[in-house]
Amino acid sequence: MAVKIRLQRHGKKNFAFFDIVVADSRAPRNGRNIEQLGSYNPNTNPATIVLNGDRALAWLNVGAEPTLTARRILSYEGVLLRKHLQGGVAKGALTQEQADQKFAAWLSQRDAKIEAKKAGLSKEAAAKAAAAVEAEAKVNQERAEALAKRKAEAEEAARAAAEAAAAEAAEAPAENVEA
């Protein structure tokens, strides 16, 4: 029986999440599976991956073939690196302690990258929010200046109209006296 490590789709249209499962390669995508290894949610940034690495490694060691996407996820989580290091231990190229040290170093480096990405995303979001507040303040200031300008123009026009009316009123009695 050919066994594959693959994704099983769940969720609604345009908002899918996946279970990482071990299944017979002849079974339908969302059909019967042998074991569920974890889940993958690409809707978050960075994507959320929950994986039982020990069980995935066990299935890889007995010959389960991951699909391309599952292989990428296993690589991202370090399962393929652990399999590679275990092969080196089995051949005698390195000891188990050396393999554990290499894996721990790789894991800390990967975690640092993830934290840097999260920090960058939060910093970018804060910068966008600050830029939006600044742009809004600028627009509000321009609106206030335009409103003050219109108010001053209206007051000037009213003053001019009042002066014209006063001048007209002053001339009107003079005309009446002459007539």
Side-chain angles (χ1 to χ4, degrees), residues 1-90 94 96 99-144 146-147:
M1 173 169 71
V3 176
K4 289 216 174 255
I5 298 175
R6 64 186 185 194
L7 301 180
Q8 195 173 56
R9 188 184 193 283
H10 297 285
K12 59 185 181 179
K13 186 165 98 175
N14 296 327
F15 201 77
F17 62 93
F18 303 90
D19 285 337
I20 303 167
V21 298
V22 177
D24 182 0
S25 63
R26 296 165 292 187
R29 178 192 71 187
N30 289 344
R32 213 170 123 248
N33 61 51
I34 299 170
E35 182 179 354
Q36 182 176 345
L37 300 176
S39 64
Y40 167 60
N41 185 359
N43 301 313
T44 61
N45 191 6
T48 306
I49 299 172
V50 177
L51 180 68
N52 185 345
D54 296 331
R55 290 302 303 154
L57 183 62
W59 277 105
L60 287 173
N61 286 334
V62 296
E65 282 294 318
T67 60
L68 292 176
T69 307
R71 179 177 293 277
R72 294 274 321 232
I73 291 170
L74 294 175
S75 176
Y76 180 80
E77 288 295 310
V79 175
L80 296 180
L81 176 64
R82 283 178 48 202
K83 183 176 190 287
H84 175 73
L85 291 173
Q86 291 302 323
V89 169
L94 58 145
Q96 185 64 42
D100 291 341
Q101 286 175 351
K102 285 186 178 190
F103 182 71
W106 176 85
L107 196 60
S108 65
Q109 183 181 14
R110 184 202 65 163
D111 290 342
K113 279 185 188 177
I114 292 172
E115 289 304 317
K117 182 174 182 177
K118 286 180 181 177
L121 288 172
S122 64
K123 187 182 283 187
E124 183 180 322
K128 281 185 180 179
V133 167
E134 185 179 313
E136 185 177 350
K138 183 178 177 183
V139 168
N140 287 343
Q141 182 181 2
E142 289 174 358
R143 285 182 183 165
L147 185 62

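Judged as a salt bridge (charged side-chain N to carboxylate O under 4.0 Å, His left out), and not counting sequence neighbours, the contacts of K128 are E124. The side-chain hydrogen bond (donor to acceptor under 3.5 Å, both in side chains) search around N52 returns none, not counting sequence neighbours. Residues passing the side-chain contact (heavy atoms from CB on, under 4.5 Å) test with L81, sequence neighbours excluded: L85, F103, W106. A search for ring pair (Phe, Tyr, Trp, His ring centres under 6.0 Å) contacts involving H10 returns F17, not counting sequence neighbours. Partners of R55 according to the salt bridge (charged side-chain N to carboxylate O under 4.0 Å, His left out) rule, which considers only residues two or more places apart in sequence or in another chain, are E35. Residues meeting the side-chain hydrogen bond (donor to acceptor under 3.5 Å, both in side chains) test with Q86, sequence neighbours left out: none. Under the side-chain hydrogen bond (donor to acceptor under 3.5 Å, both in side chains) criterion, D100 pairs with Q96, not counting sequence neighbours. With sequence neighbours left out, N140 forms a side-chain contact (heavy atoms from CB on, under 4.5 Å) with E136, R143. When the salt bridge (charged side-chain N to carboxylate O under 4.0 Å, His left out) test is applied to D54, the partners found at least two apart in sequence or on another chain are R82. R9 meets the side-chain contact (heavy atoms from CB on, under 4.5 Å) test with A16, F18, R29, N30; sequence neighbours excluded. Scored by the side-chain hydrogen bond (donor to acceptor under 3.5 Å, both in side chains) test, T44 finds T48 as partners (sequence neighbours excluded).
Each salt bridge (charged side-chain N to carboxylate O under 4.0 Å, His left out) pair with one or both residues in residues 106-123, not counting sequence neighbours, appears once here: E77-R110.
Annotation: L147, atom CG; neighbour count of heavy atoms from other residues, nucleotides and ligands within 6.0 Å is above 12.
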